[in-house]
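Chain naming here is simple, since letters A, B, ... match the order of the sequence lines and numbering starts at 1 in each.
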Protein chains: 2
Amino acid sequence: MQRHLTTIIDIARQLGISKSTVSRALTDHPNVNAKTRQRVLELAEQLDYQRNQLAISLLTNQTRTIGILVPEFISYFFPRVIISAQQVLTKAGYNVVICQSGESYEMEVSNAHTLLANRVDGLLVSHTKETRNFDHLRTFQRKSIPVVFFNRVCEDMNVPNVTVDDYRGAFVAVEHLIQSGRRRIAHLAGPDSLPNTRNRLNGYRDALLHYGLPIEPELIISYDLTLEKANIYINHLLNLPQPPDALFTINDPTAIEVLKVCRSRGLHVPNELAIVGFSNDPISELVEPGLTTVVQPVDDLGREAARLLLNAMEGSATEMPERVVLPTQLIVRGSS
Amino acid sequence: MQRHLTTIIDIARQLGISKSTVSRALTDHPNVNAKTRQRVLELAEQLDYQRNQLAISLLTNQTRTIGILVPEFISYFFPRVIISAQQVLTKAGYNVVICQSGESYEMEVSNAHTLLANRVDGLLVSHTKETRNFDHLRTFQRKSIPVVFFNRVCEDMNVPNVTVDDYRGAFVAVEHLIQSGRRRIAHLAGPDSLPNTRNRLNGYRDALLHYGLPIEPELIISYDLTLEKANIYINHLLNLPQPPDALFTINDPTAIEVLKVCRSRGLHVPNELAIVGFSNDPISELVEPGLTTVVQPVDDLGREAARLLLNAMEGSATEMPERVVLPTQLIVRGSS
DNA sequence: CTGTTAGCGCATTCAA
DNA sequence: TTGAATGCGCTAACAG
């Protein structure tokens, strides 16, 4: 499939001038005759000329494109964050390309290579649940391409990051359950490769400790975030000799799954089991009963991540990378 | 921010050989001494060398990258389609970059320019609801960059496309309402810039005609797909002297909004108002009552779109662009 | 104000 | 098997 796209040389030839002049006319360079510029612009328009960004990037060594790498975008969370980040970046004159890895480490590595090969000027990342080795991201660092983590962060890498206050969110959620009279509060936690998971787990633990409740290992289950596994573990918990009277889940989809299981078992929510989720997925206010959950400020998250990246790219390479933690908030609905 | 990335020249110099040889070693060219190749590969690894895709693309005039342009990805629909398309494209050795336009025509044009400037080898598009002028996409065509439309297609452009059978889906949905005894069936339609909207409207109309029911203009309302407007029109319909006994909506989020309005007005669903949505958003099975809706085969949609694009790129430029229409299916739940 | 020249990083002829 | 030379499309430095 050979195709010829109009180049400045085509324009120069047809106008009988040099390609430098064409280039200058096209880039609003001051030193060019108004009339000449006019002619160039008209012919460019007519020939449907488009600057070849590839050539410019090769020359300037910057693409004005930034890459966003996310583990998935089925859940509402990542799309929202991306959109708000994109708004900031677009306003700053950057293009945004998005890659999603389907929670696969291998795919993430491949995406990282693509982004690197295409020489993005900066990278916004939230890694997959499988990612334990971060060499593919350190490569960016080594090449001085700014990287900013959001949501799922690698604490070992010395780069800026933005997270929400998972610890506090979890603490308050569990506190709420305790204060409404629950005593056997279970926690469906995510894989412990994810710091958010660990922070939420700590918040859960500390809330129990703070109120003098025992921490029962049998009530804490880590799983891989798939709904199939969630279903199995929920039933497992409910089949315990002493089943929990409340369940705090790592995210809203999981909490919804709990709701479904309760429905099918004829368990009343919240009387027989109280449920609290995490993230305030739009779905959580539509189910019956409404789901109590912890709000993550998705828009702020995207905005902050973009801001940190812009800072990093626009040079002010501070010695201490900035780390932003955004507040979370509990929304109480019918499920608790 | 000046940074130097390792090039083949660095490798060549350090090894005291020419860059051509390095290039050959790196590209698995047959004519290169095994030992030399070995040394090159080792040093490349050690220096953390990455091929500069920009330079290669400039040279070969192809990027092995394809662009996906969608109007939004908040709803579950587009992410799903993208993921399945991406699977096919990745397998075929292409990289995928995604741009979303937030339903803004202006943003879509800008994204199209970005993708063009970055010389994608092919484009998968679903346009915004505002798009009426397709010049920004015709540009790709003029430059022989294959374009494939999916879901929201421009019928005037002579390119392959994939859609679902909106007409049939709507027909069957309305038929179902009629057969379950409804007689005043309203339709909340989308903007008529979108062919899907028109097709669904036609399906709705023809079903009424087919069963000898009158078409009441006051029961058909086009709107802009925002939930705020949806809310206004839903209330408007329910306030009619003769309110409808069923409501068929352009999509599931709108149907959910209907459900919410009914809840707040104390209207029983489906007894006082039956509701049927479109697209089988995961949310539709979680609400109470479950939402009757028309399934769109999202995975097939993405796969087919990718297949058509690969065909178009891999040369077989057939005279008649292929147009695929995928079947839809009604799922009956509690809301009807 | 305009033309000439160089070079970004690479693959690919053509010679050796 | 290897090296030298060419050019992809463009901007920028330099010279008129």
Query raised in the report: End-to-end bend of the helix from dC1(C)-dG16(D) to dA16(C)-dT1(D) (five-pair axes, 10° rounding)?
Result: 50°

Query - Pairing residues for Glu108(A) by the salt bridge (Lys or Arg N to Asp or Glu O under 4.0 Å) criterion, not counting sequence neighbours - result: none

Report summary line: Ile11(A) atom CD1 is separated from dC10(D) atom C1', nearest whole Å, by 12 Å

Report task. Scan Ile17(A) against the nucleic acid and name what it touches under 4.0 Å (heavy atoms): base, sugar-phosphate only, or nothing. Result -> sugar-phosphate

Report summary line: Assert: residue with more 5' nearest nucleotide on DNA chain D, out of Ala55(B) and Pro30(B), is Pro30(B)

Requested in this report: Go through the structure and list residues passing ring pair (Phe, Tyr, Trp, His ring centres under 6.0 Å) with Tyr76(A), not counting sequence neighbours.
Outcome: none

Query raised in the report: Base, sugar-phosphate alone, or nothing: which one does Asn33(B) contact when heavy atoms must sit under 4.0 Å apart?
Result: sugar-phosphate

Query raised in the report: By ring pair (Phe, Tyr, Trp, His ring centres under 6.0 Å), which residues pair with Phe149(A), not counting sequence neighbours?
Result: none

Requested in this report: Between Ile9(A) and Thr36(B), name the one whose nearest nucleotide on DNA chain D is closer to the 5' end.
Outcome: Thr36(B)

**Report entry** side chain to side chain contact (heavy atoms under 4.5 Å, CB included) assessment of Val324(A) paired with Leu308(A)
**Finding:** CA-CA 9 Å; Val324(A) 176; Leu308(A) 291 185; 4.1 Å; yes

**Report entry** Interface limits on DNA chain C, where chain A has a heavy atom under 4.0 Å of a nucleotide atom
**Finding:** dC1(C) to dG9(C)

Query raised in the report: When all nucleic acid strands are considered with a 4.0 Å heavy-atom cut-off, which category describes Asn52(B): base, sugar-phosphate, or nothing?
Result: sugar-phosphate

Query - Nucleotide-resolved protein contact map, nucleotides 11-16 of chain D, B/S/- at heavy-atom distance under 4.0 Å - result: BBB---

Report summary line: The complete set of side chain to side chain donor-acceptor pair (under 3.5 Å) pairs with one or both residues in residues 12-23 of chain A, sequence neighbours excluded, reads Ser18(A)-Thr21(A)

Report task. Apply ring pair (Phe, Tyr, Trp, His ring centres under 6.0 Å) to Phe73(A) and list each qualifying residue two or more places apart in sequence or on a separate chain. Result -> Phe73(B)

Query raised in the report: To the nearest angstrom, how far is Leu15(B) atom CG from dT2(D) atom P?
Result: 11 Å

Report summary line: Sorted by chain and residue number, the side-chain contact (heavy atoms from CB on, under 4.5 Å) partners of Val97(A) (sequence neighbours excluded) come out as Thr65(A), Leu115(A), Val97(B)

Report task. Sequence neighbours left out, what pairs pass salt bridge (Lys or Arg N to Asp or Glu O under 4.0 Å) with at least one residue falling in residues 91-105 of chain A? Result -> Glu103(A)-Arg152(A)

**Report entry** Partners meeting salt bridge (Lys or Arg N to Asp or Glu O under 4.0 Å) with Glu130(B) (sequence neighbours left out)
**Finding:** none

Query raised in the report: So, Arg307(A) and Glu322(A), do they make that salt bridge, N to O below 4.0 Å?
Result: yes

Report task. Sequence neighbours left out, what passes ring pair (Phe, Tyr, Trp, His ring centres under 6.0 Å) with Tyr105(A)? Give chain and number order. Result -> His136(A)

